[in-house]
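A short worksheet on the structure shown next.
For this chain, numbers begin at 1 and follow the sequence in order.
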Amino acid sequence: LDLIKATEFEFDSPVDDDEENENVGAKNDEPEEELSDEDMFEKEFHQHRRDYYVNKLKYQEMTPEVLKEQAETYITAIQWTLSYYYHGVQSWGYFYPHHYSPFISDLRNFKDMNIKFDIGKPFLPFQQLMSVLPAASKDHVPECYKKLMTDPSSEIVDFYPKNFETDLNGKHQEWEAVVLIPFINEEKLLKKLNDVEVELTKDERARNVHGPMYVYTYSSSSDQGMLSAPCNFPSAKLTCSEKKVFREETLIAKEKLIL
């Protein structure tokens with residue numbers, strides 16, 4: 001009991017009144033800096049902006065280098081999109097490497113950027129499916145590719161996570177959420193697909209090519225036979241002509257474009 005009382009006295013002894021008054025006086029002597037509404041807004045905006053880059057984009061800190069990379073990456077994405085609609089594909093392998101965009105106020109100091117794209121070449125049909133489908137849709141790819149999506153020993157199994165996070169990011173519906181899955185490594189993906197390509201069947205090989213587009217034009221004089229319709233719909237006479245158009249035939253030189 002004596003030991004307990006001694007301990008209570010040691011940790012709970014009252015502060016001397018003179019010492020307490022001295023501490024209070026010292027605090028009162030320190031002038032409090034009052035921020036204007038504009039300064040307060042700037043301070044809170046800077047903190048919110050920093051939290052966005054650290055928590056959303058997973059940077060360790062919001063540095064000038066980070067903001068420069070964000071601006072240049074986003075401007076490159078805008079340039080690719082504009083070029084795609086006005087001049088055609090500029091790069092088949094390009095993708096925006098972030099799940100989120102930067103603050104619009106950080107898109108600056110990019111007038112001297114030298115943007116260049118490597119045209120590359122488009123994926124084959126199965127390569128395209130393997131780059132966008134989740135493991136739950138593995139039945140849409142050949143048997144030899146399914147194991148790459150599900151086998152724990154597969155070197156690209158991390159491209160197809162079964163469990164992943166989503167971020168509503170201010171939205172309300174699940175389908176509006178940002179899906180936080182990893183970006184694939186194109187070179188690694190193609191290498192592993194090429195390793196098992198020999199297992200494709202003859203029919204699968206025939207499907208896995210770049211084919212033409214088909215243009216159908218109505219022609220009253222054309223007779224392509226009858227087309228059987230499902231359910232109780234009547235059969236229809238095919239009165240159209242068919243034409244194959246390959247992608248290379250649709251390309252137009254930039255100098256011939258009228259914008």
N/O donor-acceptor pair under 3.5 Å between Tyr94 side chain and Ala77 backbone
yes
Can we say Asp203 and Arg207 salt-bridge, meaning some charged N sits less than 4.0 Å from an Asp/Glu carboxylate O?
no
Applying ring-ring contact (aromatic ring centres under 6.0 Å, His included), which residue pairs with at least one partner in residues 210-239 are found, sequence neighbours left out?
none
Please examine the side chains of Thr201 and Pro142, heavy atoms only from C-beta on, and report whether any two atoms are closer than 4.5 Å.
no
Are more than 12 heavy atoms from other residues, nucleotides or ligands located less than 6.0 Å from atom CZ of Phe123?
yes
Pairwise distance CG(Leu124) to CZ(Arg205) - rounded to 0.5 angstrom
11.5 Å
Kindly determine whether Asp167 and Tyr100 satisfy side chain to side chain donor-acceptor pair (under 3.5 Å), including the steps that lead there.
CA-CA 11 Å; Asp167 178 15; Tyr100 303 92; 2.5 Å; yes
Calculate, to the nearest 0.5 Å, the distance between atoms CG and CD1 belonging to Asp158 and Ile181 respectively.
11.5 Å
Rounded to the nearest 0.5 Å, what's the gap from CG on Leu168 to CD on Glu174? Could you check?
5.5 Å
Might you work through the ring pair (Phe, Tyr, Trp, His ring centres under 6.0 Å) test for Phe103 and Phe45, ending with a clear yes or no?
CA-CA 11 Å; Phe103 273 48; Phe45 174 73; 5.6 Å; yes
Check ion pair Lys56-Asp51 (N to O, under 4.0 angstrom)
no
Does Glu155 CD have over 12 foreign heavy atoms under 6.0 Å away?
no
Using a 4.5 Å cut-off on heavy atoms from C-beta on, say whether the side chain of His46 contacts that of Met62.
yes
Quiz question: by atom type and distance under 3.5 Å, do the side chains of Gln70 and Tyr59 form a donor-acceptor pair?
yes
Glu61: what forms a side-chain hydrogen bond (donor to acceptor under 3.5 Å, both in side chains) with it, not counting sequence neighbours?
Arg50
Is the backbone N or O of Trp80 less than 3.5 Å from a side-chain atom of Ser83, with the two atoms forming a donor-acceptor pair by type?
no
Using a 6.0 Å cut-off, check whether atom CD of Glu248 has over 12 heavy atoms from anything other than its own residue.
yes
What I'd like to find out is whether the side chain of Val157 reaches to under 4.5 Å of the side chain of Pro152, using heavy atoms alone.
no
Glu143 CD: over 12 foreign heavy atoms closer than 6.0 Å
no
Rounded to the nearest 0.5 Å, how far apart are CD of Glu199 and CD of Glu204?
10.0 Å
Which residue pairs satisfy the salt bridge (Lys or Arg N to Asp or Glu O under 4.0 Å) criterion with at least one member in residues 98-124, sequence neighbours excluded?
Arg49-Asp106
Does any N or O in the side chain of Asp151 come within less than 3.5 Å of the main-chain N or O of Lys147, such that one atom is a donor and the other an acceptor?
no
Is the shortest side-chain heavy-atom distance between Ile184 and Met130 below 4.5 Å?
no
Is the number of heavy atoms from other residues, nucleotides or ligands under 6.0 Å of Gln47 CD greater than 12?
yes
Taking everything shown except Glu249 itself, do over 12 heavy atoms lie less than 6.0 Å from its CD?
yes
Mark yes or no for whether Ser154, through its side chain, and Thr150, through its backbone, hold a donor-acceptor pair below 3.5 Å.
no
Measure the acute angle between the ring planes of Tyr96 and His98, then classify it against the limits of 30° and 60° as parallel, tilted or perpendicular.
perpendicular
Within this structure, what is the OH-CG distance for the pair Tyr145 and Leu133, rounded to the nearest 0.5 Å?
13.0 Å
If you measure from OG on Ser101 to CG on Leu107, what distance do you get to the nearest 0.5 Å?
8.0 Å
Taking atom NZ of Lys68 as the centre, does the number of heavy atoms from other residues, nucleotides or ligands within less than 6.0 Å exceed 12?
no
Is the closest side-chain heavy-atom distance between Pro102 and Tyr53 below 4.5 Å?
yes
